Amino acid sequence: MSAFTPTLFVVSGPSGAGKGTLVAQVRAQRPDLGLTVSATTRQPREGEVDGVNYHFMTRERFDELVRQGAFLEWAHVFDNCYGTLVTEVEKNLAAGHSLILEIDVQGALQVKEKFPEAVLIFIKPPSPEVLRERLVGRGTDAPESVALRLATAERELALADRYDAVIVNDDLTEAVQELLRTLAEHERK
Ligand code: 5GP
């Protein structure tokens with residue numbers, strides 16, 4: 001394996017761009033990548049486990065952590081608060097593991113400000129039409145929720161040029177290879 005510097009990668013992109021699946025496939029091929037568990041005020045979905053999927057907490061506890069400066073970044077996303085704990089990032093980098101934070105655009109830009117060496121990767125859908133089809137097709141969101149996600153997507157897409165790399169998720173297999181290449185490129189000394 002070639003020498004590399006542990007790197008903090010941030011992946012974001014609109015809901016429906018397929019970033020969850022993409023990152024999961026990349027992780028399967030890069031088991032060395034560190035994992036962080038974000039904090040959130042949203043309710044656990046069925047099957048989600050506290051401390052595994054998220055650290056689920058009340059708004060009061062979340063605000064207390066904000067006051068203590070425990071978050072590297074945090075943001076309101078679709079009516080809930082989400083944040084990355086500094087301790088989770090530090091323990092991975094100190095152990096020599098690169099890591100991917102899968103967070104929203106507002107959070108990504110905060111990370112870049114505090115951590116200019118972080119590498120920001122934006123996952124784009126091939127077109128707004130495909131995004132709409134994917135959001136409607138997955139059937140998990142009510143029509144108002146689809147509309148909110150599309151409006152948010154438009155704002156997020158406008159910020160793609162602030163990212164270090166943009167990957168269009170048209171063909172999943174190709175996008176996985178491109179993300180793997182992007183990670184390797186930035187990790188090289
Ligand atoms: P979900 O509720 O579906 O698990 O996540 C909703 C959105 O929250 C995702 O698009 C994800 O990018 C974002 N998110 C998850 N964890 C964090 C975090 O720690 N910080 C920020 N800023 N966004 C997050």
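Note that the structure is a prediction, hence the values are computed from the model and not measured. First listed ligand is number 1; within each ligand, the first listed atom is number 1.
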Quiz item: Is it the case that more than 12 heavy atoms not belonging to Arg162 sit under 6.0 Å from its CZ atom?
Solution: no
Practice problem: Test the Arg42-Tyr82 pair against the cation-pi criterion, namely NZ or CZ under 6.0 angstrom from the six-membered ring centroid and within 45° of the ring axis. | Solution: no
Quiz item: What atoms of ligand 1 come within less than 4.0 Å of a heavy atom belonging to Ala75?
Solution: 22 (N)
Self-check item: Heavy atom of the protein closest to atom 5 (O) of ligand 1 (residue, atom name, distance)
Solution: Tyr54 OH, 3.4 Å
Quiz item: Which atoms from ligand 1 have a heavy atom of Thr84 less than 4.0 Å away?
Solution: 19 (O)
Quiz item: Closer than 4.0 angstrom: is that true for some heavy atom of Gly83 and an atom of ligand 1?
Solution: yes
Quiz item: Is Arg30 salt-bridged to Glu187, cutoff N-O under 4.0 Å?
Solution: yes
Quiz item: So which heavy atom in the protein is nearest atom 11 (C) of ligand 1, and how far is it from that ligand atom?
Solution: Glu102 O, 3.8 Å
Quiz item: How close does the nearest protein non-hydrogen atom get to atom 6 (C) of ligand 1, and which residue and atom is it?
Solution: Tyr82 OH, 3.7 Å
Quiz item: Around Glu154, counting heavy atoms of other residues, nucleotides and ligands shown, do more than 12 lie under 6.0 Å from its CD?
Solution: no
Self-check item: Closest candidate by heavy atom, reference atom 22 (N) of ligand 1, pool Asp104, Val23, Ile103
Solution: Asp104
Practice problem: Around atom 7 (C) of ligand 1, find the nearest protein heavy atom and jot down its residue, atom name and distance. | Solution: Val77 CG1, 3.8 Å
Exercise. Among all protein heavy atoms, pick out the one at the shortest distance from atom 16 (N) of ligand 1; state its residue, atom name and that distance to 0.1 Å.
Key: Ser38 OG, 3.5 Å
Quiz item: What is the closest protein heavy atom to atom 20 (N) of ligand 1, and at what distance does it sit?
Solution: Glu73 OE2, 2.7 Å
Practice problem: Decide if atom CD of Gln43 counts as having more than 12 heavy atoms of other residues, nucleotides or ligands within a radius under 6.0 Å. | Solution: no
Exercise. Provide, to 0.1 Å, the distance between atom 9 (C) of ligand 1 and the closest protein heavy atom, together with that atom's residue and name.
Key: Lys19 NZ, 4.5 Å
Self-check item: Contact atoms of ligand 1, heavy-atom distance to Arg42 under 4.0 Å
Solution: 1 (P), 2 (O), 4 (O)
Practice problem: Among Val23, Val10, Leu183, Val166, find the one that has a side-chain contact (heavy atoms from CB on, under 4.5 Å) with Ile121. | Solution: Leu183
Quiz prompt | Short N-O contact, Arg67 and Glu64, less than 4.0 angstrom | solution = no
Quiz item: Any idea which protein heavy atom is nearest atom 3 (O) of ligand 1, and the distance to it?
Solution: Arg45 NH2, 3.0 Å
Quiz item: Short list, please: which atoms of ligand 1 are under 4.0 Å from a heavy atom of Gly107?
Solution: 22 (N)
Quiz prompt | side chain to side chain donor-acceptor pair (under 3.5 Å) partners of residues 110-122, not counting sequence neighbours, each pair once | solution = Lys112-Asp164
Practice problem: Sequence neighbours left out, what passes salt bridge (Lys or Arg N to Asp or Glu O under 4.0 Å) with Arg181? Give chain and number order. | Solution: none
